[in-house]
*Asks:* 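Before anything else, here's the structure in question.
Please read these numbers as outputs of a predicted model, since none were measured by experiment. Below, chain A is the first sequence line, B the second, and so on; all start at residue 1. Reckoned from all heavy atoms, side chains included, excluding hydrogens, waters and symmetry mates.
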2 protein chains.
Amino acid sequence: MDSAARKVDTVNMDVRTTGDRSYHHGNLRAALIDTAVEQARAGGAAEVVLRDAARRTGVSHNAAYRHFADRDDLLAAVSERGMEELEHRMRERVSTLSVGGPAELASARLRAAGREYVHFALAEPGLFTTAFTCARPKDVAPVGHGPYGVLTAVLDELVEAGVLPAERRPGADVTCWAAVHGFAVLCLEGPLRDLPDAERDAQLEGLLDRVARGL
Amino acid sequence: MDSAARKVDTVNMDVRTTGDRSYHHGNLRAALIDTAVEQARAGGAAEVVLRDAARRTGVSHNAAYRHFADRDDLLAAVSERGMEELEHRMRERVSTLSVGGPAELASARLRAAGREYVHFALAEPGLFTTAFTCARPKDVAPVGHGPYGVLTAVLDELVEAGVLPAERRPGADVTCWAAVHGFAVLCLEGPLRDLPDAERDAQLEGLLDRVARGL
DNA sequence: ACCCCATGTGGACACCGACAACATGGACAG
DNA sequence: CTGTCCATGTTGTCGGTGTCCACATGGGGT
């Protein structure tokens, strides 16, 4: 499968835009993941259907089995994509911040990271839940990468800026992540499901306050 | 369906223990929920299969459709059971606490409630995830009932005991629940999945510390 | 120029959720 | 006591899905 992934880079990418030119698609794996991501966006992991994904990609069922061992394997690829997108949005949000001194900046960044985490979950519920529910056991939390990486970086920054005492640093990441992730999940499928937007935002700000205060 | 639920109480309950006596089961709805809960315990919502549940209950497929509109309807019933069990365990844990004054007691109760929440999730991962993923939109968070009810009661107690300023009370429940729920979810399917037990417990205590401090 | 193997195809099987038509027998009216 | 009615359970069926199998194709390396 590494060879397949590498081939994706070597083969010209316009195969799909020019129409399925021939027997061999040339870029099937990526195309299937695209389709599956779209399915996940539309309705979560349950909506990701192998046969339908193949159909929409213009290829016969079973073609997918040359690129994925399982349906679960495809789901795992979707999960990876979702994680990447979440990480990307968080990095973007955090990096486009420019206020006063390093202390205020670090604090603002922590809040911004948390806010963006929740906003992504609310904006892309299907992709978000799929990302966490269907991750492969192996590539879960390769420390420093993914959303977790963004969080640890911001927290380290907070220590460097002198806002967070170094002895309080261990474990802070888990608390922050848990609070924000829990809030997102409760908003998506829990009792905070149909809270009006304004109220939800207010609750989120309150949560961010308390978490920062408790660090 | 109310009539069916009421009949469960009127009909003698030993039908299942004496063996399926005849054409009419007499207690099918409850029996099917039992079986489905067992399936959910074993492997989460994905493991809950209508036909198999009917089979194991000693009844033909389709019999379930007299008691549940859908597979989703059955899952909702399982969710309800899971919530009840979670609430029960939390209440039990919280009530069997007896330390010093009202302030210490209330604080200890908050921690105990959170700890038990996570322990339930870890002990019954399938039931826990099913309970939250498959809840009916309607009976989600009937304020005062369910796990949420236990939490609000404990927080109110904290205010009465003078530990938590009244002006900080609003929103405290959301933060507490989010933190604990998020931690549970991250332990089940997230990056904290295969953390050794001791480390996990330590992280949980740290989280409880920070949450209490931030309230 | 040739062959080989990665990639895609068509067919088959078991299983599932859902619907429809039919069977059974307990409860209740007369 | 008897006859009927309807809630409950049964068999049959349909479309859809995941997965395995044997086979077809053709581009890249010898």
Side-chain angles (χ1 to χ4, degrees), chain A residues 1-12 15-16 19-33 35-36 39-40 43-78 134, chain B residues 1-12 15-16 19-33 35-36 39-40 43-78 134:
Chain A
M1 52 181 79
D2 269 351
S3 65
R6 230 174 282 127
K7 169 167 286 185
V8 167
D9 298 329
T10 63
V11 168
N12 60 344
V15 171
R16 287 178 55 246
D20 316 334
R21 104 165 70 234
S22 66
Y23 197 84
H24 287 67
H25 185 286
N27 205 13
L28 226 201
R29 182 182 167 90
L32 281 173
I33 297 181
T35 310
Q39 292 179 321
E47 200 92 348
V48 177
V49 177
L50 262 183
R51 290 174 99 106
D52 190 51
R55 216 173 297 145
R56 289 198 218 174
T57 313
V59 96
S60 184
H61 76 270
N62 268 348
Y65 284 91
R66 298 294 167 187
H67 302 275
F68 305 96
D70 248 351
R71 175 173 178 269
D72 286 345
D73 199 27
L74 175 59
L75 255 332
V78 173
C134 304
Chain B
M1 52 180 79
D2 269 350
S3 64
R6 230 173 282 124
K7 169 167 285 186
V8 167
D9 298 329
T10 62
V11 168
N12 59 343
V15 171
R16 287 176 57 246
D20 316 336
R21 104 164 70 235
S22 66
Y23 197 82
H24 287 66
H25 187 286
N27 205 14
L28 226 202
R29 182 183 167 90
L32 280 174
I33 297 181
T35 310
Q39 292 179 321
E47 199 91 349
V48 177
V49 177
L50 263 184
R51 290 173 98 104
D52 191 50
R55 216 172 298 143
R56 288 199 218 175
T57 313
V59 96
S60 186
H61 76 268
N62 266 351
Y65 285 93
R66 298 291 168 189
H67 302 274
F68 305 95
D70 248 351
R71 174 173 178 268
D72 286 346
D73 199 27
L74 174 59
L75 281 178
V78 173
C134 305

*Asks:* Could you tell me the separation between the CG atom of D52(A) and the P atom of dT19(D), rounded to a whole number of Å?
*Replies:* 15 Å

*Asks:* Between A63(A) and D70(B), which residue's closest nucleotide on DNA chain C lies nearer the 5′ terminus?
*Replies:* A63(A)

*Asks:* Taking OP1 and OP2 of dG17(C), is either one under 4.0 Å from a side-chain nitrogen or oxygen of Y65(B)?
*Replies:* no

*Asks:* Just how far, in rounded Å, is C1' of dG25(C) from CG of L28(B)?
*Replies:* 15 Å

*Asks:* Does dG9(D) have OP1 or OP2 sitting under 4.0 Å from an N or O in the side chain of S60(B)?
*Replies:* no

*Asks:* By nearest heavy atom, map V49(A) and R66(A) onto DNA chain D; which one lands nearer the 5' end?
*Replies:* V49(A)

*Asks:* Out of dG17(C), dT10(D), dC16(C), which has the shortest distance to the side chain of R71(B)?
*Replies:* dG17(C)

*Asks:* Are the side chain of R71(B) and the backbone N or O of V48(B) linked by a donor-acceptor pair below 3.5 Å?
*Replies:* yes

*Asks:* What is the separation between atom CG on N27(B) and atom C1' on dG9(D), rounded to the nearest whole Å?
*Replies:* 15 Å

*Asks:* Taking only the side-chain nitrogens and oxygens of R55(B), find out if one of them lies under 4.0 Å from OP1 or OP2 of dC16(C).
*Replies:* yes

*Asks:* A40(B) and V78(B): which non-hydrogen atoms are nearest, and at how many Å?
*Replies:* CB-CG1, 3.9 Å

*Asks:* Quick check against the 3.5 Å criterion: does R51(A) have a side-chain atom that pairs as donor or acceptor with the backbone of H61(A)?
*Replies:* no

*Asks:* So, OP1 or OP2 of dG12(D): does either fall under 4.0 Å of a side-chain N or O from H61(B)?
*Replies:* no

*Asks:* For R56(B) and dC15(C), what is the distance between atoms CZ and C1' respectively, to the nearest whole Å?
*Replies:* 15 Å

*Asks:* Please examine the side chains of Q39(A) and D52(A), heavy atoms only from C-beta on, and report whether any two atoms are closer than 4.5 Å.
*Replies:* yes

*Asks:* Verify the contact: side-chain N or O of R29(A) to OP1 or OP2 of dG8(C), cut-off strictly under 4.0 Å; return yes or no.
*Replies:* no

*Asks:* Considering only side-chain heavy atoms of L50(B), which listed nucleotide, dG8(C), dG17(C), dT19(D), is closest?
*Replies:* dG17(C)

